[in-house]
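Notes follow once the structure below has been shown.
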There are 2 protein chains.
Amino acid sequence: MFVQPIETTSNQPIVDWRDFAPCAAPLFACAPEVVGTSFNYVRDEEIYGEREDTQFIYKVISGAVRTSKIMRDGRRQIGRFYLPGEFFGLELGKQHNLSAEAVADSKIFLFKRRQIEAMAQRNMEAAREMWLMTADHLRHAEDHLLLLGRKTALERLAAFLIEMDMSHGNCGLFELPMSRRDIADYLGLTLETVSRGFSELQKKQALELDGARHVVLRNRAFLGAMGA
Amino acid sequence: MFVQPIETTSNQPIVDWRDFAPCAAPLFACAPEVVGTSFNYVRDEEIYGEREDTQFIYKVISGAVRTSKIMRDGRRQIGRFYLPGEFFGLELGKQHNLSAEAVADSKIFLFKRRQIEAMAQRNMEAAREMWLMTADHLRHAEDHLLLLGRKTALERLAAFLIEMDMSHGNCGLFELPMSRRDIADYLGLTLETVSRGFSELQKKQALELDGARHVVLRNRAFLGAMGA
DNA sequence: AAAACCATCCGGATTTATACGTAGGGGAAT
DNA sequence: ATTCCCCTACGTATAAATCCGGATGGTTTT
């Protein structure tokens with residue numbers, strides 16, 4: 001068992017109006033009356049904390065976000081990464097079950113929960129869309145259970161690379177916004193194993209690394225089969 | 001990495017009208033017009049398969065159910081156990097993401113999806129309740145991610161025992177409906193490690209086993225702290 | 001009833017995968 | 001240029017998986 005140091009984050013309130021930016025956007029095409037406000041977060045800044053009351057629903061505009069749980073001794077599990085265009089923080093309960101932090105400097109839209117709830121009362125289509133997103137998050141979590149419970153280190157890495165590639169449009173070429181430690185905490189490994197795994201996949205001609213974070217997939221079929 | 005043999009199950013259609021029982025019950029108190037039909041499943045019988053089209057929503061009446069994913073080489077991850085009173089199989093998508101099997105001989109209520117969908121259109125309260133259940137399943141899965149990714153074998157067992165105790169009313173005394181292998185596949189361990197862990201927890205005076213499946217918790221505080 | 005069978009469980013020895021600790025290198029930021 | 005992270009490399013440590021043998025209990029067969 002290993003212990004990781006916890007980075008302390010500026011524990012400021014979620015909504016700091018100094019970050020206010022005067023742009024806004026509708027939540028869904030089908031509910032144009034619900035508009036969000038944009039905020040900027042710096043790398044590693046907390047967006048909301050575990051067990052914190054739910055006030056908003058969030059959408060990534062640029063950058064990247066991770067949701068995570070941390071144990072008292074520092075062990076951490078990242079639930080999921082969110083890239084531009086994706087929603088997060090839409091637990092239906094009163095409190096968040098995971099915390100959310102910016103992986104890199106990020107711009108995020110915040111939508112007021114009260115507005116969302118009111119909309120869901122009126123607009124059945126929008127309510128269904130919210131439910132769909134929750135169900136999609138559940139599906140992702142269930143897939144990740146198999147990865148964490150039963151897959152080998154290399155299989156986890158392959159699955160991760162394929163997932164990243166998918167969310168970048170399957171072009172086999174992308175920039176990782178997160179550190180090796182983040183990847184490790186997402187895949188239930190140590191950062192060293194992640195590093196070793198990347199090296200091994202390079203040796204197998206499955207991918208190419210240009211610097212630490214620029215990835216070129218060389219054998220998508222191989223990676224897909226390995227990540228299963 | 002280990003490989004487990006897959007038990008072949010009778011691949012009969014989900015709905016076998018020979019199992020028909022003439023009892024029925026409403027889905028929710030708030031939607032008495034939606035009634036379910038009871039079916040019986042024997043131990044290890046498949047209720048629905050991964051990637052199978054979603055036709056019903058299910059409620060456990062007696063017995064127990066597991067949902068799981070299986071890899072081609074036999075590695076298996078159980079997503080969750082469902083005990084009497086709990087709903088399962090309510091993915092919103094067109095297809096199930098996990099398969100479901102009876103852990104023991106079980107009686108299950110089936111509710112037609114078309115009825116559910118129609119109800120959700122009319123009854124906002126019921127629609128919200130469905131969404132709440134999906135969100136609760138998501139919360140459970142997220143908690144389980146931390147367990148699978150970062151907890152030790154003993155911590156996993158402690159968390160499992162506390163979870164089982166909770167769903168039996170926190171009385172510190174219950175019967176496990178599932179085998180050691182099922183527990184192992186739920187916790188991402190081998191059945192040997194599960195067995196050893198139980199022995200160790202007995203040595204620590206944290207619990208008592210009467211036979212393999214009858215559990216008496218002797219130190220709930222200790223187990224709770226360990227399972228964190 | 002006795003025997004056979006089967007599934008399940010337990011314990012020890014061994015192996016293996018992965019975590020851990022330390023050291024060193026490289027790139028970006030100050 | 002220097003500092004500071006972050007990443008990589010390698011040797012070691014260890015938790016858990018694997019492999020073995022044997023005990024137990026329930027069910028079916030004779």
Side-chain angles (χ1 to χ4, degrees), chain A residues 1-5 7-8 42-44 71 73-77 103-105 147-157 175-203 207-215 226, chain B residues 1-8 42-44 71 73-77 103-105 147-158 175-203 207-215 226:
Chain A
M1 176 172 42
F2 66 100
V3 173
Q4 295 174 337
E7 296 155 22
T8 56
V42 301
R43 192 160 65 97
D44 290 327
M71 295 172 69
D73 59 10
R75 280 176 287 173
R76 183 178 67 154
Q77 179 61 46
V103 166
D105 295 353
L147 181 146
L148 291 175
R150 292 307 187 198
K151 291 188 183 174
T152 65
L154 229 51
E155 287 171 344
R156 296 178 199 207
L157 276 172
E175 203 76 23
L176 292 172
M178 73 291 284
S179 70
R180 295 292 192 269
R181 151 145 305 177
D182 281 341
I183 298 173
D185 285 347
Y186 179 55
L187 300 178
L189 304 169
T190 60
L191 121 189
E192 290 88 347
T193 303
V194 170
S195 208
R196 259 191 283 280
F198 278 160
S199 300
E200 195 165 339
L201 290 175
Q202 275 184 288
K203 241 181 290 181
L207 70 100
E208 224 169 276
L209 284 175
D210 178 19
R213 299 195 172 189
H214 190 81
V215 180
M226 166 161 275
Chain B
M1 175 172 47
F2 67 99
V3 173
Q4 298 173 337
I6 309 176
E7 296 156 20
T8 57
V42 300
R43 192 160 64 97
D44 290 327
M71 295 172 71
D73 59 9
R75 281 176 286 173
R76 184 178 65 156
Q77 179 62 44
V103 167
D105 294 354
L147 181 146
L148 291 175
R150 291 309 185 197
K151 291 187 183 175
T152 65
L154 231 50
E155 288 170 343
R156 295 177 200 209
L157 276 172
E175 202 77 22
L176 292 172
M178 73 291 284
S179 71
R180 294 293 192 269
R181 152 147 303 179
D182 281 341
I183 298 173
D185 286 347
Y186 178 55
L187 300 178
L189 304 169
T190 59
L191 69 94
E192 290 89 342
T193 303
V194 170
S195 208
R196 260 188 278 279
F198 278 160
S199 299
E200 196 165 338
L201 290 176
Q202 276 183 288
K203 243 181 286 182
L207 72 99
E208 226 168 273
L209 283 175
D210 179 18
R213 299 195 174 189
H214 191 81
V215 180
M226 167 163 275

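Order of the sequence lines fixes the chain letters, A, B, ..., with proteins taken first and strands second; residue numbering starts at 1 for each chain.
- Counting non-hydrogen atoms under 4.0 angstrom, A:Gly197 reaches nothing in the nucleic acid.
- For B:Arg180 and A:Leu154, each mapped to the nucleotide of DNA chain C holding its nearest heavy atom, the one lying further toward the 5' end belongs to B:Arg180.
- Across D:dA17, D:dC6, C:dG21, the shortest atom-to-atom separation from the side chain of A:Glu192 is found for C:dG21.
- OP1 or OP2 of D:dC7 lies within a sub-4.0 Å distance of a side-chain N or O belonging to A:Arg213.
- Checking C:dG12, C:dC10, C:dA19 against every side-chain atom of A:Arg196, the shortest atom distance belongs to C:dA19.
- The side chain of A:Arg43 sits closest to D:dC6 out of D:dT8, D:dC6, C:dA19.
- Rounding to whole angstrom units, NZ of residue B:Lys203 and C1' of C:dG11 are separated by 10 Å.
- Not counting sequence neighbours, B:Gln202 has no partner by the side chain to side chain donor-acceptor pair (under 3.5 Å) test.
- Between the side chain of B:Asp73 and the backbone N or O of B:Arg75 there is at least one donor-acceptor pair closer than 3.5 Å.
- You'll find that the side chain of A:Thr193 is closest to C:dA19, out of C:dA19, C:dC9, C:dC10.
- Distance, B:Gln202 CD to C:dC9 P: 13 Å, rounded to whole Å.
- Considering only the side chain of B:Ala212, C:dC9 comes nearest among D:dA16, C:dC9, C:dT8.
- Per the geometry, CG belonging to A:Leu148 stands 15 Å off P belonging to D:dA16, to the nearest Å.
- Scanning for side chain to side chain donor-acceptor pair (under 3.5 Å) contacts around A:Thr193 gives A:Thr190, with sequence neighbours left out.
- For the pair B:Ser179 and C:dA7, the criterion of a side-chain N or O lying under 4.0 Å from OP1 or OP2 is not met.
- Rounding to whole angstrom units, CG of residue B:Leu209 and C1' of C:dC10 are separated by 12 Å.
- With A:Asp182 contributing its side chain and A:Ala184 its backbone, the two residues share no donor-acceptor pair below 3.5 Å.
- Here B:Arg156 lies out of heavy-atom contact (under 4.0 Å) with every strand.
- Atoms CD (A:Glu155) and C1' (C:dT18) sit 14 Å apart, rounded to a whole Å.
- To the nearest 0.5 Å, the span separating CZ on A:Arg180 from CG on A:Leu191 amounts to 8.5 Å.
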